[in-house]
2 protein chains.
Amino acid sequence: MRADARRNRDLIVETAREVFREHGYNASLDLVAKRAGVGAGTLYRHFPSREDLVNAVMQGWVDRVEEATEKVLAFEGPPRELLERWLVTYAELISLHKGGPAKITAAMVQPDSPIAPKCRVLLEATERVCERLHAEGVLREGITAADVNRLVGGVATVADGADQPISEVEPLLLVLADGLVAAPA
Amino acid sequence: MRADARRNRDLIVETAREVFREHGYNASLDLVAKRAGVGAGTLYRHFPSREDLVNAVMQGWVDRVEEATEKVLAFEGPPRELLERWLVTYAELISLHKGGPAKITAAMVQPDSPIAPKCRVLLEATERVCERLHAEGVLREGITAADVNRLVGGVATVADGADQPISEVEPLLLVLADGLVAAPA
DNA sequence: TGCTAAACGGAGACACTCTCCGTATTGTTC
DNA sequence: GAACAATACGGAGAGTGTCTCCGTTTAGCA
């Protein structure tokens, strides 16, 4: 890749991160290009679709996910608390940006989405948590990591749509935890 | 209202119902106008915003909600089953159209949305169910109808985004039921 | 029948996405 | 350091959607 191309690419990603933070993931891409001082063509050559750009912007987020996962998995206390911590962590991670919960939760079940690979790290993290909970017999049988993600994703999506911080819907996450732990009727 | 205006209004609503069913609630409104054989101006005069049109289209849905509510509330069996029935009914009602779950769940917490009044009937229905469950001591303390709606709305939103029918996420609704019923840890 | 308020409709302004292609820059080769 | 591909740039513009404005038409009353 030529040096100027590299420079522009980085500039676009940086600008997009800023614009997305301001206007959400549906912000105008022309605005991104304009603010970055490049032509629309340049933006679209580097990132043929909006998702590709989102994907690039997310790279830092992936690192953050990995870090948060390690932290939660390092927790030594009672498994029930581990679950609660993970639910809150998960919700926070996907809610870092406006529109994030819906986008990420949807991508989780659409393997062809360009951001799917990034979301996989989250799914894998949940899998690790679930494994540990299953091993300790705490998690209800038949519950998969995908189920957990869907449930938390749903709550986070709604909170996001209502412009509520995750802290305000934490009680709902505890309800989920109860449901995930309880034995089938 | 003049007779021709009335006629056009009804025609637009009918056409919109059809188009929304085909393409979801984000379908092009110009397409609605074109298919109804009226000018864009006519459509926008009757329905200044997309939400106004959605609102009009929803009138039949409101009737359906009321009917379903009566049916669930007439159920005489164990309260836990009442809850389960309501969760499934609720999810189905908001999932009748693609994009419905997100739209309705969001409107539920945005009182200024034009479709909010319509969504209120759903909230009130959930309130009636919750009241009965609380009276029987089945529902966990502190849980409000709004909480229940958020939880089910979240699950339904995700299912909708993944093009899954509600029947496929029913197990998740049972998880919710468990969480809503269980005593706090 | 004539008149006026009400309603119509579609051209077009504006916004956004995405492509095409003439122009400019890079970096390699001699 | 000059020449020359190969690579990248950028912005005009096509395509699509939203929504408004205003000249034209129509309903319904007197």
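Chain A is the first sequence line, chain B the second, and so forth, proteins listed ahead of strands; every chain is numbered from 1. Hydrogens, waters and symmetry mates are skipped; everything else that's a heavy atom, side chains included, is used.
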Gap between atoms CG and C1', on B:Leu53 and D:dT18 respectively (whole Å) = 13 Å
Check B:Leu139, B:Val138, B:Val129 against B:Pro79 for a side chain to side chain contact (heavy atoms under 4.5 Å, CB included) and give me the one that passes.
-> B:Val138
Using side-chain hydrogen bond (donor to acceptor under 3.5 Å, both in side chains) as the criterion, list what pairs up with B:Ser95, not counting sequence neighbours.
-> none
Following the transitive rule for hydrophobic clusters with a side-chain heavy-atom cut-off under 4.5 Å over Ile, Leu, Val, Met, Phe, Trp and Tyr, establish whether A:Val155 and B:Leu174 coincide in one cluster.
-> no
Of all nucleotides in DNA chain C with an atom under 4.0 Å from a non-hydrogen atom of chain B, which is the first and which the last going 5' to 3'?
-> C:dA5 to C:dG10
Set of residues satisfying side-chain hydrogen bond (donor to acceptor under 3.5 Å, both in side chains) with respect to A:Thr144, sequence neighbours excluded = A:Asp147
d(B:Tyr90 OH, B:Ile166 CD1) to nearest 0.5 Å is 11.0 Å
Within residues 27-46 of chain B, find the residues that approach DNA chain D with a heavy atom at under 4.0 Å, and present them sorted by residue number.
-> B:Ala27, B:Ser28, B:Leu29, B:Asp30, B:Ala40, B:Gly41, B:Tyr44
Pairs counted as Watson-Crick or G-U wobble with both distances under 3.5 Å: what dot-bracket string results for DNA chain C, using | for bases tied to another strand?
-> ||||||||||||||||||||||||||||||
B:Glu51 CD to D:dT18 P, straight-line distance once rounded to whole Å | 13 Å
Flag, side chain of B:Lys98 to backbone of B:Asp160, donor-acceptor distance under 3.5 Å | yes
Can you name the side-chain hydrogen bond (donor to acceptor under 3.5 Å, both in side chains) partners of B:Glu170, sequence neighbours left out?
-> none
What pairs of nitrogen or oxygen atoms, one from the protein and one from nucleotides 23-28 of chain D, lie under 3.5 Å apart?
| from | atom 1 | to | atom 2 | distance (Å) |
| --- | --- | --- | --- | --- |
| D:dT26 | O2 | B:Arg2 | NH1 | 3.2 |
| D:dT26 | O2 | B:Arg2 | NH2 | 3.4 |
| D:dA27 | O4' | B:Arg2 | NE | 3.4 |
| D:dA27 | O4' | B:Arg2 | NH2 | 3.4 |
| D:dG28 | OP1 | B:Ala3 | N | 2.9 |

Qualifying side chain to side chain donor-acceptor pair (under 3.5 Å) pairs with a residue from residues 62-76 of chain B, counting only residues at least two apart or across chains = B:Glu70-B:Arg128
side-chain hydrogen bond (donor to acceptor under 3.5 Å, both in side chains) assessment of B:Gln164 paired with A:Arg150 = CA-CA 12 Å; B:Gln164 292 177 311; A:Arg150 262 185 290 223; 3.2 Å; yes
What pairs of donor and acceptor atoms, side-chain ones from residues 30-41 of chain B against any protein atom, are under 3.5 angstrom apart with sequence neighbours left out?
| from | atom 1 | to | atom 2 | distance (Å) |
| --- | --- | --- | --- | --- |
| B:Arg35 | NH1 | B:Glu18 | OE2 | 3.0 |
| B:Arg35 | NH1 | B:Glu22 | OE2 | 3.1 |
| B:Arg35 | NH2 | B:Glu22 | OE1 | 3.2 |

Residues in side-chain hydrogen bond (donor to acceptor under 3.5 Å, both in side chains) with B:Arg85, at least two apart?
-> B:Glu81
Among residues 10-26 of chain B, which residues get a heavy atom nearer than 4.0 Å to DNA chain C?
-> none
4.5 Å side-chain heavy-atom contact, B:Val62 and B:Gln59 = yes
For residues B:Thr42 and B:Asn8, is any side-chain donor paired with an opposing acceptor at under 3.5 Å?
-> no
How would you list, by chain and number, every residue that makes a ring-ring contact (aromatic ring centres under 6.0 Å, His included) with A:Tyr25, sequence neighbours excluded?
-> A:Phe20, A:His97
Closest approach of B:Met108 to B:Cys119 (non-hydrogen atoms, all atoms of both residues) | SD-O, 3.7 Å
